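Basis for what follows: all heavy atoms, side chains included, without hydrogens, waters or symmetry-related copies. Note that this is a predicted model, so its numbers are computed, not measured.
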Amino acid sequence: MSKDIFPEPESLEINPSPETLREYALAMPNARLTEFDNVNVKTRVTARSRSSTYIVSDNPSNHSDQTISRSEYELIEKLQNDYIAGKDMIEIRGFIGVDPEFRVPARVVIEKDNANIAAMQRQLYYPPEGNPEALDPLITVLYTPNLEAPGYPNDRVIAVDLDMGVTRVLNSDYFGESKKGGLRMWNAIVYQRGGLALHAGCKVIPVDGKVRCALVVGLSGTGKTTTTFTQQNNSLPVQDDFVALMPGGVVHVTENGCFAKTYGLDPRVEPIIYGAVTKPDAYLENVGQDSNGRVDFFDDSYTQNGRATFELAAIPHEKPENVPLAEILLILNRNENIIPGVAKLSPLQAAGYFMLGETQGTSAGGADEAGKFLRVPGTNPFFPLQHGLQGNRILELLESSKLQVYLMNTGRVGGPEGDERSKKITIPHSSAIVKAIAEEKIEWEEDPDFRYLVATAVPGIDKEDSEILRPRILYERQGRMEEYRSIVERLKTERCEYFAQYPALSKEIVNAVC
C-alpha cells in the first residue's frame with residue numbers, strides 16, 4: 001500500500017524502538033535535554049495552521065472548511081512525493097483506538113530529521129500486535145516538515161484527502177499536525193459508522209460504589225485536559241483528547257497517550273500531569289528552559305503553547321475496556337462575562353450549545369485565535385464534513401442514551417482578567433462542580449434569560465464565591481444590569497444569526513437556544 005501513496009524513499013525505518021527514536025531526536029539541532037532527562041524540541045511552527053489546511057474535494061458544499069480541487073491536490077502530491085524519494089524517512093504504525101471491532105489502523109511517515117514527531121506519535125498510537133509491517137493502515141499522514149509549499153499561507157499546506165485516507169503536511173514541524181492529521185480523518189470514519197467524534201476527555205468518577213463516565217468537550221486550551229485529570233472521589237482519566245460517542249452512550253477511545261499543554265503547569269494544582277511530563281520518556285515541545293536545562297513552565301517568551309506527550313502508562317488511569325456507558329457530558333466555554341460556572345441543559349439546548357461551541361480562543365490555535373471570542377461547532381476544529389451535521393447527530397445520540405449535559409465556564413464572570421469587579425472560576429471551583437454533578441448534589445433553578453438551569457448552591461463553593469454560579473446576581477449587585485441585559489440581547493441575536501449558516505440544522509435545536 002505504501003508504494004501506491006508515496007515512492008520508495010532513500011531509506012525507511014518502520015517502528016524503530018523508543019531508544020532509537022530518542023537517539024535520533026537528540027541528534028536534532030533544535031533538541032535539548034532537560035533537568036528531567038527528557039527531550040525538549042523548539043519548533044519553528046508553534047500552533048496548528050488552520051489557514052493552511054484544506055480538504056480535498058471537487059464538491060466544496062460538502063464541507064464547512066476550506067477546500068482545494070483534486071487537480072490542485074495532485075500538484076501537492078507530486079511535489080511531496082518527489083521530495084520523499086530522496087529522503088531518509090521513519091514510519092510509525094499503530095491503531096487509533098483499542099477495541100478490535102472499532103479501532104482504525106494508522107501511520108505517520110515523517111522525515112528522519114524530525115524524529116521527535118515520530119517518537120511523540122508512537123506514544124499516542126495503540127501498538128500493533130506482532131509485526132508492524134503486516135498492519136495495513138487505513139489512515140496515513142505523510143509529513144515533510146522541511147518542504148515548503150509556495151503559494152499557500154506561510155508557504156505551508158496541510159491537504160486532507162478523505163477519499164484516500166491521506167493527509168499531506170508540508171512545512172510545519174509542529175507535532176499537532178501529526179496527531180490531528182490522523183484524528184481529522186478518523187472523525188469522518190466515526191460519522192460514517194453512525195456516531196460522532198468528540199473533542200473530549202473521558203474520565204470515570206466513583207459514586208456510591210459505582211463509577212460514572214463523564215465526557216469533557218472543549219476547544220484546545222480551555223481546560224479539557226485539566227478537567228479530565230483533576231480528581232473527584234479518586235476519579236481516573238481514560239482519555240485526554242478524543243473519543244467516539246456511539247448510540248446508547250457507548251464510548252470508544254482513540255489514544256494510548258496524551259498531548260498536554262504545559263504552560264502554567266503547577267504540581268500543586270495539576271500533580272498528575274506534572275508528574276508525567278517530568279519523567280524521562282516524556283517529549284516536550286517549546287517548553288521554556290535555561291542553559292542548564294532547568295524547565296520553566298511559566299516562561300511564555302517563545303510561546304504559551306508549550307506541549308508534552310506521554311503514554312497513559314505514566315499516570316494512574318482507567319483501562320479503556322472498563323469504561324461504562326457515558327452518563328455526563330460537560331461542554332466547556334471559557335468566557336468572561338455572563339456564562340455561569342455551570343448550567344444544566346435539556347437535550348435540545350445541549351445540541352444547540354454543542355453547535356455554538358462558544359469559547360475564548362487560546363494560544364493552541366495560534367495568533368489568529370488567541371484571546372478572541374470563537375464559535376467552533378462541537379468545539380471540534382477537526383470535523384472535516386459539514387459542521388451542521390454535528391448538531392443533528394449529537395441530538396440523536398443524546399436521545400438514545402442517559403447522558404445529562406452541562407455547560408461549564410472555565411474562565412471568569414463579570415469581566416476580563418484585570419477587572420476588579422470580575423471573579424475567576426478556579427480549578428478547585430470547577431472540580432467541586434464536577435464532583436457535585438457526579439453525586440447529583442446541585443440545587444437548580446431556571447435562568448430567566450436563557451431558560452437553562454443554573455445552580456443556586458454547589459457543595460464546596462463558598463457563599464462568597466456563589467456569584468460565579470449566577471452571574472446575573474453579580475451584575476445586579478454591582479449596578480450593572482443595563483450592561484448585563486445588553487450582553488444577553490447581543491448573544492441571542494448573534495446566536496440566531498450564527499445558526500442561519502447551517503440550514504440543515506434542526507429548527508427545534510435552533511428554537512431551544514434562540
Side-chain angles (χ1 to χ4, degrees), residues 198-207 212-241 258 260-261 263-274 327-345 350 353 357-360 362 364 379 404-414 416-417 422-444 452-471 474:
L198 301 184
H199 191 206
C202 176
K203 67 193 298 181
V204 291
I205 307 172
V207 179
R212 303 192 70 192
C213 176
L215 306 179
V216 186
V217 170
L219 194 65
S220 299
T222 58
K224 174 170 50 63
T225 299
T226 298
T227 304
T228 302
F229 282 75
T230 304
Q231 289 190 306
Q232 300 86 27
N233 302 346
N234 295 314
S235 62
L236 289 174
V238 181
Q239 190 75 110
D240 164 54
D241 199 42
C258 302
K261 276 200 78 171
Y263 177 68
L265 187 58
D266 186 335
R268 296 166 298 180
V269 180
E270 300 178 84
I272 295 176
I273 299 175
Y274 184 90
E327 296 184 56
I328 298 166
L329 176 62
L330 309 174
I331 302 174
L332 302 188
N333 177 340
R334 177 157 289 179
N335 193 272
E336 58 183 27
N337 48 51
I338 69 171
I339 302 299
V342 62
K344 188 174 183 180
L345 308 174
Y353 281 95
E358 293 176 336
T359 197
Q360 187 177 43
T362 71
T379 61
Q404 296 290 312
V405 187
Y406 304 84
L407 183 70
M408 278 184 60
N409 183 1
T410 56
R412 309 180 72 87
V413 297
E417 185 177 1
S422 69
K423 290 190 174 183
K424 179 176 174 56
I425 301 172
T426 66
I427 292 174
H429 288 150
S430 295
S431 183
I433 289 169
V434 174
K435 175 179 168 67
I437 286 173
E439 296 177 347
E440 299 182 314
K441 291 183 177 179
I442 297 181
E443 300 173 23
W444 302 99
Y452 45 45
L453 300 182
V454 293
T456 60
V458 172
I461 295 182
D462 297 335
K463 186 176 180 180
E464 63 183 23
D465 291 331
S466 63
E467 288 175 332
I468 67 170
L469 303 174
R470 291 184 292 171
L474 180 144

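Taken to the nearest 0.5 Å, the CD1 atom of Ile468 stands 4.0 Å off from the CD1 atom of Ile461. Note that the CE atom of Met408 and the CZ atom of Arg334 stand 11.0 Å from one another [nearest 0.5 Å]. Taking CG of Leu474 as the start and CG of Asn337 as the end, the distance is 11.0 Å to the nearest 0.5 Å. Within the model, atoms CD of Gln404 and NZ of Lys344 stand 4.5 Å from one another, a figure rounded to the nearest 0.5 Å. A distance of 11.0 Å separates CD1 in Ile272 from OG1 in Thr228, rounded to the nearest 0.5 Å. Atom OH of Tyr406 and atom CD1 of Ile331 lie 12.0 Å apart (nearest 0.5 Å).
Contact annotation: the side chain of Ile205 approaches that of Val434 to within less than 4.5 Å [non-hydrogen atoms, C-beta and beyond]. The shortest distance between side-chain heavy atoms of Val342 and Tyr452 does not fall below 4.5 Å. With contacts defined as side-chain heavy-atom distances shorter than 4.5 Å, the pair Ile425/Ser430 qualifies. The shortest distance between side-chain heavy atoms of Thr226 and Thr410 does not fall below 4.5 Å. Here the side chains of Leu332 and Thr379 are not in contact, with every heavy-atom distance at 4.5 Å or above. For the pair Val454/Leu469, no side-chain contact is recorded, criterion being any heavy-atom separation below 4.5 Å from C-beta on. For the pair Cys202 and Pro237, the minimum side-chain heavy-atom distance is 4.5 Å or more.
Proximity of a side-chain donor or acceptor of Asn335 to a complementary backbone N or O of Asn409 within less than 3.5 Å is not detected. Although no hydrogens or angles enter the test, the distance criterion places a donor-acceptor pair under 3.5 Å between the side chain of Lys203 and the main chain of Thr230. Remark: side-chain polar atoms of Glu467 are not paired, donor with acceptor, to backbone N or O of Pro471 under 3.5 angstrom. Put simply, the side chain of His199 gets close to the backbone of Gly218: a donor and an acceptor are under 3.5 Å apart. In this structure, Asp240 contributes its side chain and Thr225 its backbone to no donor-acceptor pair below 3.5 Å. A distance-only check finds a donor-acceptor pair linking the side chain of Ser466 to the backbone of Lys463 [under 3.5 Å]. Distance alone, capped at 3.5 Å, is enough to place a donor-acceptor pair between the Asp266 side chain and the Arg268 backbone.
Between the side chains of Ser422 and Glu336, no donor N or O sits under 3.5 Å from an acceptor N or O.
Each salt bridge (charged side-chain N to carboxylate O under 4.0 Å, His left out) pair with one or both residues in residues 212-234, not counting sequence neighbours, appears once here: Arg212-Glu327, Lys224-Asp241.
The two atoms that bring Thr359 and Asn333 nearest to each other are CA-OD1, 3.6 Å, heavy atoms only. Pairing each heavy atom of Val458 with each of Ala455, the nearest pair is CG2-CB, 3.8 Å. The shortest non-hydrogen separation linking Glu439 to Asn233 is OE2-ND2, 2.9 Å. The two atoms that bring Phe229 and Cys258 nearest to each other are CZ-SG, 3.5 Å, heavy atoms only.
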